[in-house]
Number of protein chains: 2
Amino acid sequence: MTIQEIAQKSGVSVSTVSRVLNNSPSVSPKKREKIQQIIDEYNYTPSVFARGMVNHTSKNIGIILPDITNPYFASLFLEVQNFALKNQYATLLFNTMFVRHQLQNELHLNEEDYFKMILEKQVDGVLILGGSIDKEDVPNSFIHALNQLQRRVPVVIVGSKIDGCDCLFIERNLKQGVTSIVHHFIALGHERIGFIGGEPGIRITSARIDAFKHSLQVLNKQVDERHIVTSDYYAQDGYSAMIQLLDTSADSLPTAVIAINDMVAIGAIRAMRDRGLDCPGDIAIASCDQFLQSDYSIPRLTSLDQHNEYLGRMAVMQLISAINGSEEMLSINHSPELIIRESCGAAGDAGSRT
Amino acid sequence: MTIQEIAQKSGVSVSTVSRVLNNSPSVSPKKREKIQQIIDEYNYTPSVFARGMVNHTSKNIGIILPDITNPYFASLFLEVQNFALKNQYATLLFNTMFVRHQLQNELHLNEEDYFKMILEKQVDGVLILGGSIDKEDVPNSFIHALNQLQRRVPVVIVGSKIDGCDCLFIERNLKQGVTSIVHHFIALGHERIGFIGGEPGIRITSARIDAFKHSLQVLNKQVDERHIVTSDYYAQDGYSAMIQLLDTSADSLPTAVIAINDMVAIGAIRAMRDRGLDCPGDIAIASCDQFLQSDYSIPRLTSLDQHNEYLGRMAVMQLISAINGSEEMLSINHSPELIIRESCGAAGDAGSRT
DNA sequence: TTGTATGCGTTATCAA
DNA sequence: TTGATAACGCATACAA
């Protein structure tokens with residue numbers, strides 16, 4: 001089915017069909033109806049290829065993220081796709097990280113290779129959710145590749161702004177939530193507080209550790225460096241971090257520990273259990289990034305709800321408006337919300353189900 | 001940059017450039033090299049639109065799945081993308097289910113709407129991972145839509161074969177693993193075994209419950225219908241199912257329970273805890289579908305590793321070969337593997353970390 | 001309001 | 001081995 005055939009069957013020219021296809025006002029109601037009927041009857045949809053030739057748009061956007069099995073990225077993607085679809089954009093998803101998964105014959109590509117691929121796909125815009133962009137020292141070659149990409153299509157990045165990068169950034173407030181956890185722990189009477197998880201050299205990690213230290217210093221509380229153990233973002237990393245913490249500061253363990261996210265918290269609690277320690281009895285734990293299921297672990301996890309769903313929406317909205325030529329920067333204030341459950345040891349919450 | 005400009009700069013015709021682009025043998029080595037150099041220099045990539053006009057291919061495949069935040073689908077997708085990319089195909093991902101996520105202004109589409117969207121995107125093939133296709137009674141309209149889709153592009157479905165549906169199917173062995181769990185529990189001396197989780201009316205659920213009942217009957221063991229509680233596939237569903245089980249058969253509780261997957265197991269264990277019961281002490285639990293992190297929960301989960309990674313690979317391979325016109329049906333034997341940890345109560349495993 | 005004609009960037013057919 | 005050209009399906013400028 002082509003526009004030609006529709007035109008013939010409708011007894012009009014292709015331009016008229018094209019007009020009804022594109023909601024041009026200058027078509028007589030009678031013809032419009034007739035044509036629309038034929039279109040529906042034959043279930044005709046215009047060729048994206050032919051349209052692309054003319055408009056240079058695909059109505060596709062590319063999403064680059066490190067790991068879709070990570071609940072944080074999965075829920076971000078969900079929100080992104082939902083909003084994109086509403087605006088007639090489909091999403092080409094590129095997952096760049098495979099290290100956790102023993103894929104055979106795995107692809108060895110870096111993000112810059114993905115930029116190239118995505119560009120060849122003629123997407124109308126690119127959304128980058130984390131990855132190399134989150135490093136403290138982003139390689140110059142990466143920024144260069146990013147700028148080169150940006151010159152071809154709009155690029156929106158969910159992450160901290162980087163000097164010399166021309167892309168649009170959606171920044172998260174990484175510090176506020178940590179501070180509220182610290183205050184919560186202090187209020188519960190904790191004096192020695194630790195921090196675990198997060199890959200070193202990644203901005204999310206360092207921003208949160210900075211906020212952690214700073215909020216304690218403001219309150220004139222000591223920070224024991226041994227109580228800060230970085231690793232990565234998954235359960236296995238929470239496990240190893242907690243083991244290391246227990247090993248290196250056996251003489252003066254913290255009474256409370258902040259985990260960078262729920263998976264790390266779960267791994268840490270498991271490690272405590274393996275060492276015969278109880279959470280929250282021996283060490284209380286709270287996490288900075290809530291995922292689903294935090295209400296079902298043992299103990300239930302006290303977490304920050306970062307309201308990440310806004311993030312995803314903001315990012316696509318920004319991207320789509322950039323695709324449409326708008327320069328306007330959107331803004332949103334999302335305040336993390338502390339969900340108090342069991343793992344922090346706050347009294348009277350033993351049975352609560354938020 | 002167009003093929004025209006490359007041709008001019010190279011001092012040849014567009015046809016010759018097109019030939020080197022498509023690795024045609026009939027180009028003199030000298031010219032080929034020269035042209036390639038210009039291509040690289042200008043970082044030229046041919047327009048997918050123009051190519052699509054001629055070839056009617058986009059080198060994109062569409063993936064339809066219900067919930068990417070579900071670890072089962074996420075890891076399946078990962079494997080699919082990896083293999084697709086290796087074959088120069090990018091993946092358009094469509095997540096059809098949003099119910100678990102309170103997305104504002106959420107899209108209300110059924111899968112057939114997604115079929116339409118995906119077709120408009122001119123993908124070269126469609127991969128369907130679960131969803132309505134898994135229902136016991138697939139609506140005729142759905143099968144009709146599926147066949148209509150199949151008439152336009154190859155469609156591969158990961159799921160049980162359905163009469164009257166012309167798509168290609170990749171079937172999983174849903175029963176084998178359940179049987180091995182039953183045998184394991186019997187070997188541990190359990191007499192009263194239950195089964196929880198899974199949406200009723202879904203083939204995965206009923207296939208596993210059937211296998212559960214059958215393997216017990218073969219061994220002349222009783223099946224207490226009250227010990228079988230369906231719900232859904234997430235932690236909250238494991239929680240509610242276990243509560244119901246405890247409530248309805250307080251006089252004769254099972255000593256072991258099979259959960260349909262790890263999330264359900266986690267929810268169930270949480271429910272037990274809330275009722276003052278211990279796992280595996282009071283009720284042992286094993287799950288039919290292992291996700292990551294099962295080694296970090298409390299207690300560690302005894303699970304089946306379904307080796308789902310093969311599934312994803314098989315599915316794309318099948319799709320790509322169908323796109324290339326092959327009729328050949330691929331086949332693979334993936335045997336579930338029982339990973340024994342703590343929740344089943346098998347002796348001496350208290351500290352094991354697989 | 002409607003139709004005609006052109007161009008978008010590529011591949012394929014054919015002729016040289 | 002190479003080049004000229006038609007064709008792919010659509011949007012749009014222009015003419016009517």
Side-chain angles (χ1 to χ4, degrees), chain A residues 1-39 42-60 88 119-124 152-153 323-325, chain B residues 1-39 42-60 88 119-124 152-153 323-325:
Chain A
M1 263 302 147
T2 74
I3 199 173
Q4 290 279 357
E5 306 179 59
I6 298 294
Q8 281 179 1
K9 291 184 197 299
S10 313
V12 298
S13 73
V14 292
S15 16
T16 306
V17 177
S18 177
R19 288 191 185 98
V20 345
L21 248 24
N22 297 285
N23 297 314
S24 162
S26 47
V27 173
S28 77
K30 194 180 296 178
K31 290 202 175 182
R32 177 187 302 277
E33 187 181 0
K34 165 83 174 174
I35 294 169
Q36 187 61 54
Q37 186 186 319
I38 306 272
I39 288 176
Y42 289 87
N43 224 305
Y44 161 79
T45 52
S47 154
V48 293
F49 301 130
R51 281 196 157 165
M53 295 274 317
V54 181
N55 304 329
H56 302 281
T57 64
S58 60
K59 282 290 183 178
N60 287 157
Q88 328 290 345
L119 219 40
E120 292 174 6
K121 288 300 175 179
Q122 243 101 12
V123 296
D124 296 346
R152 301 278 296 271
V153 296
I323 290 173
N324 295 332
Chain B
M1 262 302 148
T2 74
I3 200 174
Q4 289 279 0
E5 307 179 58
I6 298 293
Q8 282 181 359
K9 292 186 198 297
S10 311
V12 296
S13 73
V14 293
S15 345
T16 307
V17 176
S18 178
R19 289 192 183 94
V20 345
L21 248 25
N22 296 285
N23 299 312
S24 161
S26 50
V27 174
S28 77
K30 194 180 295 178
K31 289 201 175 181
R32 177 187 300 277
E33 188 182 1
K34 165 81 175 174
I35 293 169
Q36 188 61 54
Q37 186 186 318
I38 307 271
I39 289 176
Y42 290 88
N43 223 306
Y44 161 79
T45 53
S47 155
V48 292
F49 301 129
R51 281 195 157 166
M53 294 273 315
V54 181
N55 304 328
H56 303 282
T57 65
S58 60
K59 281 291 183 178
N60 287 157
Q88 328 291 343
L119 219 40
E120 292 174 7
K121 289 300 176 179
Q122 243 100 14
V123 295
D124 296 346
R152 301 277 297 269
V153 294
I323 290 173
N324 296 330

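Below, read A as the first sequence line, B as the second, and so on, with proteins coming before strands; counting in each chain starts at 1.
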### Phosphate-side-chain proximity, A:Thr16 and C:dG3, N/O vs OP1/OP2 below 4.0 Å
yes

### B:Glu120 and A:Gln88, any side-chain heavy atoms less than 4.5 Å apart
no

### Message
What I'd like to find out is whether the side chain of B:Lys121 reaches to under 4.5 Å of the side chain of B:Ser58, using heavy atoms alone.
### Response
no

### Query
Does the base of C:dT4 carry an N or O that pairs as donor and acceptor with the side chain of A:Ser15 under 3.5 Å?
yes

#### Entry: Residue pair A:Asn55, B:Phe49: steps toward the side chain to side chain contact (heavy atoms under 4.5 Å, CB included) verdict
CA-CA 10 Å; A:Asn55 304 329; B:Phe49 301 129; over 6 Å; no

### Message
Using a strict heavy-atom distance below 4.0 Å, which residues from residues 6-14 of chain A are in contact with DNA chain C?
### Response
A:Val12, A:Ser13

### Note, A:Leu21 side chain near A:Ile3 side chain (heavy atom, < 4.5 Å)
yes

### Message
Can you identify which nucleotide, out of D:dC10, C:dT1, D:dC8, has its nearest atom closest to the B:Val54 side chain?
### Response
D:dC8

### Task
Let me know the distance between CG of B:Asn55 and C1' of C:dT11, rounded to the nearest Å.
7 Å

### Task
Check the surroundings of atom NZ in B:Lys59: do more than 12 heavy atoms from other residues, nucleotides or ligands lie under 6.0 Å from it?
yes

### Query
With a 4.5 Å heavy-atom cut-off, do B:Lys31 and B:Val12 have their side chains touching?
yes

#### Entry: Interatomic distance where NE2 belongs to B:His56 and P belongs to C:dT11 [whole Å]
13 Å

### Message
If you take any heavy atom closer than 4.0 Å to DNA chain D, which residues from residues 30-39 of chain B end up in contact?
### Response
B:Lys31

### Message
In the structure I gave you, are the side-chain heavy atoms of A:Glu5 and A:Tyr42 within less than 4.5 Å of one another anywhere?
### Response
no

### Heavy-atom side-chain proximity of A:Asn22 to A:Arg51 below 4.5 angstrom
yes

### Task
May I ask you to list the residues of residues 45-53 of chain A, by number, that have any heavy atom positioned under 4.0 Å from an atom of DNA chain D?
A:Pro46, A:Ser47, A:Ala50, A:Arg51, A:Met53

### Task
Pick base, sugar-phosphate or nothing for A:Ser26, based on heavy-atom distances below 4.0 Å to the nucleic acid.
base

### Task
May I ask you to say what A:Ser18 touches in the nucleic acid, namely base, sugar-phosphate or nothing, with a heavy-atom cut-off under 4.0 Å?
base

### Query
Separation of B:Met1 atom CE from C:dG9 atom C1', in whole Å?
13 Å

### Query
Atom CG of B:Asn23 to atom C1' of C:dT11: distance rounded to whole Å?
14 Å

### Task
Using atom CG of B:Asn22 as one end and atom P of C:dT10 as the other, report the distance to the nearest whole Å.
11 Å

### Message
Any heavy-atom pair between the side chains of B:Ile35 and B:Thr16 that's under 4.5 Å?
### Response
yes

### Query
Between D:dG9 atom P and B:Glu120 atom CD, what is the distance in whole Å?
17 Å

### 4.5 Å side-chain heavy-atom contact, A:Gln36 and A:Val20
yes

